Amino acid sequence: MRYISTRGAAPVLNFEEVVLTGMASDGGLYVPEQMPQFSAEQFAEMAGLPYAEIAFRVMKPFVGGEIDDTTFRRLIDESYATFKHDAVVPLKQLDSNHYLLELFHGPTLAFKDVALQLLGRILDHFLEKRDEKAVIMGATSGDTGSAAIEGCRHCDNLDIFILHPHNRVSAVQRRQMTTVLDGNVHNIAIEGNFDDAQAMVKASFADQNFLEGTRLIAVNSINWARIMAQVVYYVAAAVAVGAPHREVSFTVPSANFGNLFAGYIARRMGLPVKQFVIATNANDILHRTLADNDFSKHELQATLAPSMDIVVSSNFERLLFEAYDRDGAAVADLLVRFQQGAVEIDDAPLAALRALFSSYSVDDDTIIEVIQEAFEHTGELLDPHTATGYRAAQRARADATTPMITLATAHPAKFEDAVVRAGFEGAPLPETMHDLMTREERYDVLPAELGAVQQYVAANRH
Ligand SMILES: Cc1ncc(COP(=O)(O)O)c(C=O)c1O
Ligand SMILES: N[C@@H](CCOP(=O)(O)O)C(=O)O
């Protein structure tokens, strides 16, 4: 499998190369040169198979033989053995045609584990084979950080540096990162917001001189392997409710758009998806773009769904690349202008997006209301991110007959603020984390300055 950049001017890479990097050298993101295609029969055969088997079948074409089948199966099996539910990502029926796909049964209680358990093992495999050491830099609004640390901490060939916005992640989220004291794990609290952290990570890919030749790898969803592993649960959930014999729809709490873009890839591979609903919190750039063609940055707001406190949504670029019929030059021009001010999406690509995607934005008061309402009607205690999805599914679904699957992206125990404000005592952490709030923490606070961060990374890697 070959991978090309969304801006059309970077070298074409194979799977191994694309996983061992981050952004493309032209500032774009890598996507498969050709989408693998699955027949209706192939999807039908997946119904009822164990999650790991579906994962192997769905991801194999993206790997293109660069990891032998036996090894790849072992990496998948090991990754999903860390999940606390036999189904890995169980599907719960909420009412006659609305389902909740629980993606939070992994080690750090958010959907990020699904991809990062596997990515950590794939990186380990390739670096071991090459006998090469590398540095990871990642930005987190709260969930990617701990999932990446958990996925990579046992990899001797890696130093992992995670930038989180100081005082803007929940206490549980922070401690899930900062209480991991392994020597190759480095937590940096940035005096800024997630966008500042993500911009510094991206800038570090653009100019890697500060690492004097050491390889830099991404664990954010700019890394293609993150998207690839997330495609699997769309397929698993869809076939569980009757695809390919019937269409299904998905609602996805969204911000950096890696999760929903994986669903889009599943559809491009042949999965019959009728509609995608994008749910946002008050940081509503995705909703404004879809609804009003207002692709402009507003100031980032701190909300009760902090992991979605993101304005510059990385993976929207991958979707624009498809909407612009893979015209890399047009995408590059649009995104350079976006960084400078408001831009409009052209008519044809916007119409193409609107034919498949709907969107809905949910403010903090509504998040509280939804947590209460969903509990009353379904008995489920939703986390604040999933609550945005629950409301968006109610308000923006195209029809009531197509099964709607809302992605539950995190466990409510991670977000005590919202849960308590909704009138609940809080959700208990799993037994493995019973002492999380009293464990020793280690992290450094740095200004949101690229030079300071790069100096720190260069000085602290092994
Ligand atoms: C709990 C949770 N829900 C939703 C999202 C949004 O997902 P994405 O960034 O892939 O759109 C995130 C983080 O990004 C998250 O951590
Ligand atoms: N919500 C994320 C933000 C980073 O997104 P990613 O999917 O690109 O890693 C987080 O919790 O860190």
Side-chain angles (χ1 to χ4, degrees), residues 22-23 29 101-104 106 108-116 119 136-149 151 162-165 168-170 172-174 176-177 187 190 193-195 197-199 201-202 218-227 229-231 233-234 250-265 276-281 283-287 300 303-319 357 359 362 367 382-390 392 406-415 418:
M23 293 183 59
L29 301 180
L101 181 62
E102 291 187 349
L103 301 172
F104 53 71
T108 70
L109 312 180
F111 80 93
K112 312 284 180 171
D113 288 321
V114 178
L116 282 159
L119 177 56
I136 284 177
M137 279 179 79
T140 187
S141 53
D143 290 324
T144 293
S146 58
I149 288 170
I162 296 294
L163 283 59
H164 72 265
R168 285 172 179 254
V169 300
S170 80
V172 170
Q173 286 180 312
R174 190 191 71 242
Q176 284 181 306
M177 298 185 276
N187 280 291
I190 293 293
N193 61 34
F194 172 82
D195 281 355
Q198 178 161 257
V201 169
K202 287 182 174 174
V219 280
N220 283 108
S221 52
I222 57 178
N223 189 318
W224 172 257
R226 284 278 312 277
I227 308 294
Q230 290 169 182
V231 174
Y233 50 71
Y234 286 89
F250 289 93
T251 299
V252 187
S254 293
N256 233 4
F257 208 65
N259 200 353
L260 189 27
F261 189 73
Y264 173 81
I265 293 293
F276 288 111
V277 177
I278 302 170
T280 76
N281 64 15
N283 297 293
D284 61 354
I285 182 167
L286 294 170
H287 173 58
L300 191 147
T303 74
L304 286 173
S307 302
M308 284 160 45
D309 290 348
I310 296 174
V311 173
V312 179
S313 175
S314 292
N315 286 283
F316 197 58
E317 169 159 353
R318 284 182 164 128
L319 186 64
F357 294 89
S359 61
V362 178
I367 286 176
L382 304 183
D383 94 283
H385 306 80
T386 306
T388 68
Y390 185 90
T406 296
L407 273 50
T409 49
H411 191 286
K414 297 187 89 165
F415 304 101

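These figures come from a predicted structure and were not determined experimentally. Indexing begins at 1, ligand by ligand and atom by atom, following the structure's order.
The closest protein non-hydrogen atom to atom 8 (O) of ligand 2 is Ser221 OG, 2.5 Å. Of the protein's non-hydrogen atoms, the one nearest atom 3 (C) of ligand 2 is Ser141 OG, 3.3 Å. The nearest protein atom to atom 11 (O) of ligand 2, hydrogens excluded, is given as Asp143 N, 2.7 Å; this is a heavy-atom distance.
Ring centers of Phe194 and His164: at least 6.0 Å apart, outside the cut-off.
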task: List the steps and the verdict of side-chain contact (heavy atoms from CB on, under 4.5 Å) for Tyr234 and Phe250.
output: CA-CA 8 Å; Tyr234 286 89; Phe250 289 93; 3.7 Å; yes
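Checked by atom type, the side-chain pair Tyr264/Asn315 shows no donor-acceptor distance below 3.5 Å. Defined by atom type and a distance below 3.5 Å, a donor-acceptor pair is present between the side-chain atoms of Asp309 and Asn283. Checking Ser170 against Lys414 by side-chain atom types alone, no donor-acceptor pair falls below 3.5 Å. Side chains of Ser314 and Gln198: a donor-acceptor N/O pair is present below 3.5 angstrom, by distance only.
Residues meeting the ring-ring contact (aromatic ring centres under 6.0 Å, His included) test with Phe316, sequence neighbours left out: Phe257, Phe295.
Set against the non-hydrogen atoms of Gly142, the atoms of ligand 2 under 4.0 Å away are 10 (C), 11 (O), 12 (O). Near Asn256, meaning under 4.0 Å from one of its heavy atoms, ligand 2 places the atoms 4 (C), 5 (O), 6 (P), 8 (O). Those atoms of ligand 2 with a heavy atom of Thr140 less than 4.0 angstrom away are 10 (C), 11 (O), 12 (O). Ligand 2 places these atoms under 4.0 Å from at least one heavy atom of Phe194: 3 (C), 4 (C).
By the criterion of a heavy-atom distance under 4.0 Å, the side chain of Ile310, and not its backbone, is placed next to ligand 2. Contacts between Gln198 and ligand 2, counted as non-hydrogen atom pairs separated by less than 4.0 Å, are absent for every part of the residue. Of all the heavy atoms of Arg226, the ones lying under 4.0 Å from any atom of ligand 2 belong exclusively to the side chain.
Atom CZ of Phe261 sits about 12.5 Å away from atom OG of Ser254, to the nearest 0.5 Å. If you take CZ on Arg318 and CD1 on Ile265, they are separated by 8.5 Å, rounding to the nearest 0.5 Å.
Distances shorter than 4.0 angstrom do not occur between any heavy atom of Ser314 and any atom of ligand 2.
Of the options Ile227, Thr108, Asp309, Thr144, the smallest heavy-atom separation from atom 4 (C) of ligand 2 is shown by Thr144.
Screening Asn281, Thr144, Asp143 for a side chain to side chain donor-acceptor pair (under 3.5 Å) with Ser307, the sole residue that qualifies is Asp143. Shown are Asp284, Thr251, Leu286, Thr388; of these, the side-chain contact (heavy atoms from CB on, under 4.5 Å) with Ile278 is made only by Leu286.
Judged purely by atom type and a 3.5 angstrom limit, Asp383 uses its side chain to pair as donor or acceptor with the backbone of Thr386.
Using a 4.0 Å heavy-atom criterion, the residues that approach ligand 1 are Phe111, Lys112, Asp143, Pro253, Ser254, Ala255, Asn256, Phe257, Gly258, Asn259, Ser307, Met308, His385, Thr409, Ala410.
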